[in-house]
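Data first, discussion second: the structure below is written as structure tokens.
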Amino acid sequence: MDVRYPIGELQIPDPITLEQVQEWLKDIETFPARLKEAVDGLSGEDLDKTYREGAWTVRQLVHHIADAQLNIYIRMKLALTEDNPSIPAFDENVWAVLPDAGLPVEASLKIIEGLNARIAAYARTLTEEQLHQTYRHQINGNTTVAAELAKCHWHEEHHLAHIPNRIIQINGNPARRKIGGPGFCLWMKGIKRPEEFGHL
């Protein structure tokens with residue numbers, strides 16, 4: 001397993017069906033609670049630790065998820081309401097070091113909860129035709145609403161799986177201390193040694 005991609009790299013199905021979208025939405029709806037559980041109980045010191053120079057902290061990672069979800073939300077809304085609108089890329093690494101990246105993670109947990117609820121609300125009503133509506137990304141070119149939903153689902157699960165891996169790197173064996181909520185152990189399946197994990 002490539003430790004940078006604990007759930008595998010992004011693979012967008014072709015075609016994407018309405019049934020697949022409904023399955024993704026189940027995860028998108030429960031993601032805010034699962035993310036909160038993953039960081040629950042971490043101290044401010046834990047949230048701000050990084051195990052190597054240049055790596056994001058857990059705090060930055062949570063704020064990054066909120067930044068990405070905000071962009072995904074806007075992209076899909078514009079694709080659904082305009083004719084192939086042009087949308088700029090955002091530099092996630094620059095966003096990750098702006099002053100608001102030092103806020104408590106609760107600020108972004110609230111944003112993610114609201115955005116995911118709204119994404120799920122309109123995505124549940126999408127038609128086959130709407131899935132194929134597009135926006136024009138500054139770097140990636142034309143992207144369908146269906147593909148953006150696939151990215152939305154993968155991106156959240158991808159980073160959620162990174163959190164326990166990162167905590168292991170920082171703190172060693174998780175059995176030595178309580179980390180996260182009771183669901184944390186679900187992410188420990190297959191984990192053998194802290195040194196197996198790399199960076200995001």
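The basis for the numbers below is simple: all heavy atoms, side chains too, and nothing from hydrogens, waters or symmetry mates.
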With side chains defined as the heavy atoms from C-beta onward, is the minimum distance between [X] and [Y] less than 4.5 Å?
{"X": "Cys152", "Y": "Ile28", "value": "yes"}
{"X": "Glu148", "Y": "Lys151", "value": "yes"}
{"X": "Ile7", "Y": "Leu160", "value": "no"}
{"X": "Leu131", "Y": "Thr144", "value": "no"}
{"X": "Val145", "Y": "Arg75", "value": "no"}
{"X": "Ile65", "Y": "Phe31", "value": "yes"}
{"X": "Glu92", "Y": "Asp67", "value": "no"}
{"X": "Ser43", "Y": "Asp46", "value": "yes"}

Q | Between His64 and His155, ring centroids under 6.0 Å | A | yes
Q: Kindly determine whether Thr57 and Lys49 satisfy side-chain contact (heavy atoms from CB on, under 4.5 Å), including the steps that lead there.
A: CA-CA 6 Å; Thr57 65; Lys49 283 181 180 176; over 6 Å; no
Q. Should the pair Glu37-Arg34 be classified as a salt bridge under the 4.0 Å nitrogen-to-oxygen rule?
A. no
Q) For atom CD of Glu129, is the number of surrounding heavy atoms from other residues, nucleotides or ligands below 6.0 Å larger than 12? A) no
**Q.** CG/Asp83: more than 12 non-hydrogen atoms of other groups inside 6.0 Å
**A.** no
Q | Under 3.5 Å: donor-acceptor pair, side chain of Gln133, backbone of Ala79 | A |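 Yes; judged by distance alone, with no hydrogens or angles, the pair exists.
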Q: Would you check if the side chain of Thr30 reaches a backbone N or O of Asp27 as a donor-acceptor pair within less than 3.5 Å?
A: yes
Q) According to the interplanar angle, ranging from 0 to 90°, do the rings of His162 and His159 count as parallel (below 30°), tilted (30 to 60°) or perpendicular (above 60°)? A)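 Judged by the thresholds at 30° and 60°, the geometry between His162 and His159 is tilted.
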Q: Determine, step by step, whether Lys110 and Glu113 satisfy the salt bridge (Lys or Arg N to Asp or Glu O under 4.0 Å) criterion, reporting the C-alpha distance in whole Å, the side-chain angles of both residues, the deciding distance to 0.1 Å, and the verdict.
A: CA-CA 5 Å; Lys110 291 175 182 177; Glu113 181 178 12; over 6 Å; no
Q. Between Leu80 and Gln130, is a side-chain contact (heavy atoms from CB on, under 4.5 Å) present by the stated rule, with each step listed?
A. CA-CA 7 Å; Leu80 289 168; Gln130 287 173 318; 3.8 Å; yes
How long is the gap from [atom1] on [X] to [atom2] on [Y], to the nearest 0.5 Å?
{"X": "Gln20", "Y": "Leu25", "atom1": "CD", "atom2": "CG", "result": "12.0 Å"}
{"X": "Met76", "Y": "Leu78", "atom1": "CE", "atom2": "CG", "result": "11.0 Å"}
{"X": "Ile112", "Y": "Glu156", "atom1": "CD1", "atom2": "CD", "result": "7.0 Å"}

Q: May I have all residue pairs that pass ring-ring contact (aromatic ring centres under 6.0 Å, His included) and include part of residues 70-110, sequence neighbours excluded?
A: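 ring-ring contact (aromatic ring centres under 6.0 Å, His included) check on residues 70-110 returns Phe90-Trp95.
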Q | Criterion side-chain contact (heavy atoms from CB on, under 4.5 Å) on Thr143 and Thr134, from CA distance to verdict | A | CA-CA 5 Å; Thr143 303; Thr134 62; over 6 Å; no
Q: Begin with the C-alpha distance, continue with both residues' side-chain angles, and end with the deciding distance and a verdict on side-chain contact (heavy atoms from CB on, under 4.5 Å) for Ile72 and Leu149.
A: CA-CA 8 Å; Ile72 288 169; Leu149 275 169; over 6 Å; no
Q. Is there a donor in the side chain of Asp48 and an acceptor in the side chain of Gln60, or the other way round, less than 3.5 Å apart?
A. no
Q.
I'd like to check the ring pair (Phe, Tyr, Trp, His ring centres under 6.0 Å) partners of His132; sequence neighbours left out, ordered by chain and number.
A.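 By the ring pair (Phe, Tyr, Trp, His ring centres under 6.0 Å) rule, His132 matches no residue at all.
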Q | salt bridge (Lys or Arg N to Asp or Glu O under 4.0 Å) involving Glu29 - partner list, sequence neighbours excluded | A | Arg124
